[in-house]
Amino acid sequence: MSDLEVALVRLDAELPPPAYAHPGDAGADLRTTVDVTLKPGERALVPTGIAMALPQGYVGLVHPRSGLAAKHGLSIVNAPGTVDAGYRGEVKVALINLDPVEAIELRRGDRIAQLVIQRVEQARFVEVSELPESVRGAGGYGSTGGFSDR
Ligand SMILES: O=c1ccn([C@H]2C[C@H](O)[C@@H](COP(=O)(O)OP(=O)(O)OP(=O)(O)O)O2)c(=O)[nH]1
Ligand SMILES: [Mg+2]
């Protein structure tokens, strides 16, 4: 088990802090501090009531929760959202209702997303005139085929 400490401020002291549902889970659940109803296709920037100081060399990634996505079509517009180590503001989630028919009603305290904290590199970009060869080369965007091998 990792022992990474992350300084956390609860801007809304009545709600519990982010928590991992099980030992070993990658994502800690984030809660909405507000009631919000999303009509089909509608999006909203939802506050979570927390602010953090991630250590340098780490990033917080805000991912959708798979159950809410599969059952209700709740997703995140910019999934996964990027929380920079230097960010000290409130973590917010840009939710979107992808269901074509049903509205989604969220209540204050509901677990709406999950925060995955990972190590990250900051690159030193070195400009060159030619890139080294590779097997893939410039092939992309379906160059290996689609769903099947037909
Ligand atoms: O899901 C998210 C994504 C971002 N942020 C916060 C933390 C992050 O450090 C900051 C900026 O995010 P990003 O760089 O993705 O957005 P931007 O549109 O490039 O804004 P900026 O110009 O402030 O970098 O917004 C969140 O609270 N939740
Ligand atoms: Mg940015």
Side-chain angles (χ1 to χ4, degrees), residues 1-9 11 17-34 36-106 110-150:
M1 184 150 156
S2 153
D3 196 27
L4 181 73
E5 274 187 21
V6 175
L8 177 96
V9 170
L11 305 166
Y20 298 95
H22 304 103
D25 279 2
D29 289 334
L30 301 174
R31 296 172 189 270
T32 171
T33 64
V34 296
V36 54
T37 300
L38 296 172
K39 296 191 199 109
E42 201 177 7
R43 61 181 193 263
L45 189 60
V46 171
T48 65
I50 60 155
M52 296 181 296
L54 289 166
Q56 283 300 316
Y58 287 83
V59 63
L61 298 176
V62 182
H63 289 267
R65 293 186 64 212
S66 58
L68 300 178
K71 286 181 197 149
H72 302 287
L74 184 68
S75 194
I76 296 176
V77 182
N78 58 327
T82 303
V83 179
D84 297 289
Y87 181 65
R88 299 289 178 269
E90 181 171 15
V91 174
K92 295 183 181 174
V93 185
L95 293 175
I96 183 163
N97 178 1
L98 296 179
D99 192 278
V101 180
E102 299 283 333
I104 299 175
E105 285 190 18
L106 301 168
D110 285 350
R111 292 175 295 139
I112 49 153
Q114 56 185 326
L115 180 72
V116 176
I117 295 173
Q118 288 181 214
R119 279 185 212 269
V120 71
E121 298 287 336
Q122 206 174 52
R124 189 166 43 82
F125 296 101
V126 183
E127 250 186 287
V128 295
S129 54
E130 257 185 79
L131 297 172
E133 283 187 12
S134 75
V135 175
R136 172 175 281 273
Y141 310 99
S143 68
T144 65
F147 289 121
S148 77
D149 293 331
R150 275 179 288 158

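Excluded from the calculations below are hydrogen atoms, water molecules and symmetry mates; all remaining heavy atoms, backbone and side chain alike, are included. Worth saying up front: this structure is predicted, and the values here are computed from it rather than measured.
- Here the rule is side-chain contact (heavy atoms from CB on, under 4.5 Å) with I112, and of V36, V93, D29, I76 only V93 fits it.
- A 4.5 Å side-chain heavy-atom check between L38 and L74 finds at least one atom pair inside the cut-off.
- In this structure, the separation between CD1 on I104 and CG on L98 is 8.0 Å, given to the nearest 0.5 Å.
- Residues V83 and Y87 come closest through the heavy atom pair CG1-CD2, 4.0 Å.
- A113 and V62 get closest at one heavy-atom pair: CB-CG1, 4.0 Å.
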- Message: Run the side-chain contact (heavy atoms from CB on, under 4.5 Å) test on T144 and R136 for me, step by step, so that the C-alpha distance in whole Å, both residues' side-chain angles and the decisive distance to 0.1 Å come before the verdict.
- Response: CA-CA 10 Å; T144 65; R136 172 175 281 273; 4.2 Å; yes
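- For the atom pair CG of N78 and CD1 of I96, the computed distance is 10.5 Å after rounding to the nearest 0.5 Å.
- Although no hydrogens or angles enter the test, the distance criterion places a donor-acceptor pair under 3.5 Å between the side chain of Q114 and the main chain of P64.
- Between L8 atom CG and L54 atom CG the span is 10.0 Å, to the nearest 0.5 Å.
- For the atom pair OG1 (T48) and CZ (R31), the distance works out to 11.5 Å, reported to the nearest 0.5 Å.
- The CG atom of D99 sits 13.0 Å away from atom CD of E42, with the distance rounded to the nearest 0.5 Å.
- Considering CZ of R65 and NZ of K71, their distance stands at 9.0 Å, rounded to 0.5 Å.
- Contact between D110 and E105 at its shortest, heavy atoms only, is OD2-O, 4.4 Å.
- Side chain of E90 to backbone of G49: a donor-acceptor contact under 3.5 angstrom is found.
- For the pair L115/P18, no side-chain contact is recorded, criterion being any heavy-atom separation below 4.5 Å from C-beta on.
- Residues N97 and A103 approach most closely at ND2-CA, 3.7 Å, considering heavy atoms.
- Of all the heavy atoms in A26 and Y20, the pair that sits closest is O-CE2, 3.6 Å.
- Within the 4.5 Å cutoff, the side chain of L95 has heavy atoms near those of the L106 side chain.
- Heavy-atom minimum distance, P47 versus K92: CA-CG, 4.0 Å.
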